[in-house]
Amino acid sequence: MDPVETHEKIINVLREKGPSLPVNIAKALQISSLFISAFLSELTNQKRINVSSLKVGGSPLYYVNGQEDKLEDYYK
């Protein structure tokens, strides 16, 4: 599992689907939730993706720049 390739796949999933929970990203890429969490943490630290303060069932949403307005869909 190439980390750089996986990072790009995660970013592509977020661009396509919008703000997402880690479990949904893991399902889309067929990767363990534990690994996805580590990759999401790396991407957040690199400022390539953002993590919301809004939580759905205790998990934060991850998104790319420009998708902030789509977070409102989760407030409902």
Side-chain angles (χ1 to χ4, degrees):
M1 180 181 325
D2 177 27
V4 173
E5 184 180 321
T6 304
H7 285 176
E8 293 308 314
K9 287 180 180 179
I10 290 169
I11 290 170
N12 287 335
V13 166
L14 292 174
R15 284 189 182 132
E16 288 176 22
K17 299 183 181 277
S20 300
L21 294 167
V23 66
N24 295 336
I25 299 166
K27 283 181 187 174
L29 298 180
Q30 297 180 341
I31 297 175
S32 158
S33 293
L34 184 63
F35 284 120
I36 285 295
S37 295
F39 287 126
L40 291 171
S41 178
E42 290 175 352
L43 287 167
T44 302
N45 289 338
Q46 295 170 3
K47 308 251 188 265
R48 295 187 66 199
I49 65 171
N50 302 303
V51 60
S52 72
S53 56
L54 173 67
K55 296 192 187 242
V56 176
S59 294
L61 291 161
Y62 291 86
Y63 62 98
V64 295
N65 287 333
Q67 294 181 333
E68 294 81 2
D69 58 329
K70 292 182 180 179
L71 290 171
E72 292 179 17
D73 296 341
Y74 286 90
Y75 282 112
K76 299 174 184 173

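Hydrogens, waters and symmetry mates play no part in the numbers below; they use all other heavy atoms, side chains included. Quick caveat, the model's predicted, so the values are computed rather than measured.
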Arg48 vs Ile11, test: side chain to side chain contact (heavy atoms under 4.5 Å, CB included). Steps then yes/no.
CA-CA 8 Å; Arg48 295 187 66 199; Ile11 290 170; 3.2 Å; yes

Dump the intermediate steps for side chain to side chain contact (heavy atoms under 4.5 Å, CB included) on Leu43 and Gln46, then the final yes or no.
CA-CA 5 Å; Leu43 287 167; Gln46 295 170 3; 4.0 Å; yes

Apply the test side chain to side chain contact (heavy atoms under 4.5 Å, CB included) to residues Tyr63 and Asn50: give CA-CA distance (whole Å), side-chain angles for both, the deciding distance (0.1 Å), then the verdict.
CA-CA 5 Å; Tyr63 62 98; Asn50 302 303; 3.4 Å; yes

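Across all their heavy atoms, Pro60 and Pro22 have their closest contact at O-CD, 3.5 Å. Contact record, Gln67 with Leu14: NE2-O, 2.8 Å, taken as the closest heavy-atom pair. In terms of heavy atoms, Leu54 sits closest to Leu71 at CD2-O, 3.9 Å. Of all the heavy atoms in Ser59 and Leu21, the pair that sits closest is O-CD2, 3.7 Å.
Between the side chain of Thr44 and the backbone N or O of Leu40, at least one donor-acceptor pair lies under 3.5 Å. Counting only distance, with no hydrogens or angles, the side chain of Ser20 and the backbone of Ile25 share no donor-acceptor pair below 3.5 Å. Side chain of Tyr62 to main chain of Ile10: no donor-acceptor pair is present (N/O by atom type, distance under 3.5 Å, no hydrogens or angles). Listed for the Glu42 side chain is no donor-acceptor partner under 3.5 Å among the backbone atoms of His7.
Distance check, rounded to the nearest 0.5 Å: CZ of Phe35 to CG of Leu29 gives 13.5 Å.
Ionic pairing of Glu8 and Arg15 is not present here: no N-O contact between side-chain nitrogen and carboxylate oxygen is shorter than 4.0 angstrom.
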